[in-house]
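Only one structure is covered here, and it is reproduced in the block below.
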There are 2 protein chains.
Amino acid sequence: MALRDAILVSLSDGAMSGYDLAKHFDQTVSFFWRATHSQIYRELAKLKDKGQVSAEEIPQRGKPNRIVYSITEAGRNAVLAWSRQPCVQDRVKDDFLVRLYGLEHMDLDALREHLVQRLDGHRDRLAEFTAIANATEPNTIAALGRRRGLEIGLRYEREWAEWCEETLDALSPENLADLNCVLPFTPTTKEEVA
Amino acid sequence: MALRDAILVSLSDGAMSGYDLAKHFDQTVSFFWRATHSQIYRELAKLKDKGQVSAEEIPQRGKPNRIVYSITEAGRNAVLAWSRQPCVQDRVKDDFLVRLYGLEHMDLDALREHLVQRLDGHRDRLAEFTAIANATEPNTIAALGRRRGLEIGLRYEREWAEWCEETLDALSPENLADLNCVLPFTPTTKEEVA
DNA sequence: GCGTTCATGTAACCTGTTACATGATTCT
DNA sequence: AGAATCATGTAACAGGTTACATGAACGC
């Protein structure tokens with residue numbers, strides 16, 4: 001249950017509203033963490049009950065009042081305690097790789113289309129991360145941590161993008177036609193008909 | 001909801017019991033897909049209701065009867081239809097990167113320990129995948145898909161292992177001591193005291 | 001004797017997603 | 001005129017985890 005701690009970490013650098021937190025997650029840690037506003041509001045209520053954050057309502061006109069949350073001493077202690085807890089690493093879970101695994105039962109044209117879309121996505125994020133990486137940052141411990149996070153993000157996207165390109169090539173009709181010639185029996189896909 | 005389809009794909013290559021499926025997931029697709037037996041039994045019941053699998057009970061002595069599930073024609077159609085659906089890619093979600101992001105609020109010794117453990121995990125899996133990759137496979141479409149899946153698994157683990165090594169180095173006390181000399185103010189961690 | 005494997009399932013719980021609900025202001 | 005942004009929240013549902021429950025056989 002690291003959403004709680006992700007919120008506390010974010011509040012460690014300054015007070016924020018639930019709305020701000022949602023944006024913050026989206027703009028800064030989205031490579032490795034995401035949360036919807038409904039999750040965040042639910043979690044903030046729990047954190048307030050536990051006394052790890054405190055809330056202050058700021059009146060506004062025309063829109064609902066902002067409720068700005070600050071981390072408390074108890075919250076800071078919780079963060080430190082959490083950093084000593086074992087990590088629960090969420091392993092890769094990939095829809096597309098399941099399809100690849102059962103390749104012979106799939107619609108190959110559709111899979112190629114999916115691959116193209118994924119490649120685009122990885123390239124977009126690679127460009128995004130590269131832009132962030134090029135902005136110079138101060139030489140602090142905080143910045144060091146963020147640089148390391150960005151670094152694995154960059155490599156991850158680069159690796160996947162490359163893999164998508166190679167896989168598109170491997171699944172090209174020409175390549176599969178070659179394969180079919182070698183095969184004793186041909187699978188039932190559109191390609192064999194063409 | 002791809003668990004349903006992951007099951008159908010697995011059953012496409014032969015009938016299996018819920019127990020077998022759990023083992024199968026664990027042994028063959030665990031890099032990109034996992035499921036517990038309780039999930040699998042729940043899903044198999046739903047698939048049977050929909051007529052996408054059929055069940056046959058095989059009497060056994062001493063242990064509960066095996067219930068072996070086979071994919072039906074309706075199930076095969078469902079798989080093909082699924083392969084045309086857009087992929088819902090589960091994005092990276094990483095506990096440890098959240099900690100790195102809030103590095104200055106963490107217990108650095110604990111983080112280094114976590115890194116060492118993760119490095120071990122990545123190396124283990126890298127070795128595991130390498131062993132599988134070295135086993136020669138026939139030149140079929142099915143094998144091509146699996147090779148591509150294995151390939152990204154290998155690269156993923158290699159990249160992460162390398163990153164862990166580099167990050168351990170970046171977070172070493174010596175390296176951080178250098179950093180502290182440059183800093184105008186020092187963070188409140190054990191290191192500054194030492 | 002003790003842990004593991006085989007083999008099924010249920011129930012409670014936690015987390016995350018999607019949709020619903022409201023309503024003024026600002027940008028295109 | 002219509003969409004997006006600001007800003008809060010609730011409710012229903014889907015998916016995944018953990019623990020409970022049972023019990024024989026087999027290897028160490």
Side-chain angles (χ1 to χ4, degrees), chain A residues 1-7 15-27 29-30 32-50 53 55-69 82 85-95 98, chain B residues 1-7 15-27 29-30 32-50 53 55-69 82 85-95 98:
Chain A
M1 204 192 324
L3 172 58
R4 178 178 50 194
D5 303 286
I7 289 175
M16 274 193 259
S17 69
Y19 189 88
D20 293 335
L21 277 165
K23 265 200 310 178
H24 181 254
F25 276 33
D26 215 56
Q27 286 164 7
V29 296
S30 65
F32 50 86
W33 205 264
R34 286 157 303 283
T36 58
H37 74 273
S38 41
Q39 261 179 291
I40 289 169
Y41 286 124
R42 193 159 55 182
E43 206 58 43
L44 279 171
K46 285 189 209 164
L47 284 169
K48 202 184 154 192
D49 281 351
K50 284 200 234 170
V53 300
E56 195 199 351
E57 196 160 351
I58 294 171
Q60 292 197 137
R61 282 178 307 169
K63 19 186 161 171
N65 291 342
R66 271 171 68 80
I67 300 172
V68 174
Y69 293 88
W82 171 66
Q85 290 296 112
C87 296
V88 240
Q89 188 188 353
D90 225 61
R91 308 269 255 69
V92 174
K93 204 156 192 197
D94 201 312
D95 213 357
V98 175
Chain B
M1 205 193 322
L3 171 59
R4 179 178 49 195
D5 303 286
I7 289 175
M16 273 192 259
S17 69
Y19 190 87
D20 294 335
L21 277 166
K23 266 200 309 179
H24 181 254
F25 276 36
D26 215 56
Q27 285 164 8
V29 296
S30 66
F32 50 87
W33 205 262
R34 285 157 304 283
T36 58
H37 74 273
S38 42
Q39 262 179 290
I40 291 169
Y41 286 124
R42 192 160 55 183
E43 206 59 44
L44 279 171
K46 284 189 209 163
L47 284 169
K48 201 185 155 193
D49 281 351
K50 282 199 236 173
V53 302
E56 194 200 350
E57 195 159 350
I58 294 171
Q60 292 197 136
R61 283 178 306 171
K63 20 187 160 171
N65 292 342
R66 272 170 68 81
I67 300 171
V68 174
Y69 294 88
W82 171 66
Q85 291 295 112
C87 295
V88 238
Q89 188 189 353
D90 225 62
R91 307 269 256 69
V92 175
K93 203 157 191 195
D94 200 310
D95 213 357
V98 176

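Each chain gets a letter, A, B and so on, in the order the sequences are listed, and its residues count up from 1.
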To the nearest 10°, give me the bend of the helix from C:dG1-D:dC28 to C:dT28-D:dA1, comparing the axes of its five terminal pairs at either end. 50°
N/O to N/O distances under 3.5 Å, protein versus nucleotides 22-28 of chain D:
residue : atom : partner : partner atom : Å
D:dA24  : O4'  : B:Gly62 : O            : 2.7

Letter by letter from the 5' end, nucleotides 14-21 of chain C scores (B base, S sugar-phosphate only, - none; protein heavy atoms under 4.0 Å) -SBBB---
Would you kindly give the CG-to-P distance between B:Leu44 and C:dT10, to the nearest whole Å? 12 Å
If the cut-off is 4.0 Å, is A:Gln60 near the phosphate of D:dC6, judged by side-chain N/O to OP1 or OP2? no
Could you tell me whether the side chain of A:Asp49 and the main chain of A:Lys46 form a donor-acceptor pair under 3.5 Å? no
Please report, rounded to the nearest Å, how far the P atom of C:dT22 is from the CG atom of A:Asn65. 19 Å
Could you state the atom-to-atom distance from CD1 of B:Ile40 to C1' of C:dT8 in whole Å? 13 Å
If I take atom CZ in residue A:Arg66 and atom P in nucleotide C:dT25, what distance separates them, rounded to the nearest angstrom? 18 Å
Under 4.0 Å between a side-chain N/O of A:Tyr41 and OP1 or OP2 of D:dT8, yes or no? yes
Between atom CZ in B:Arg4 and atom P in D:dG16, what is the gap in whole Å? 11 Å
Taking only N and O in the side chain of A:Tyr19, is any of them less than 4.0 Å away from OP1 or OP2 of D:dT8? no
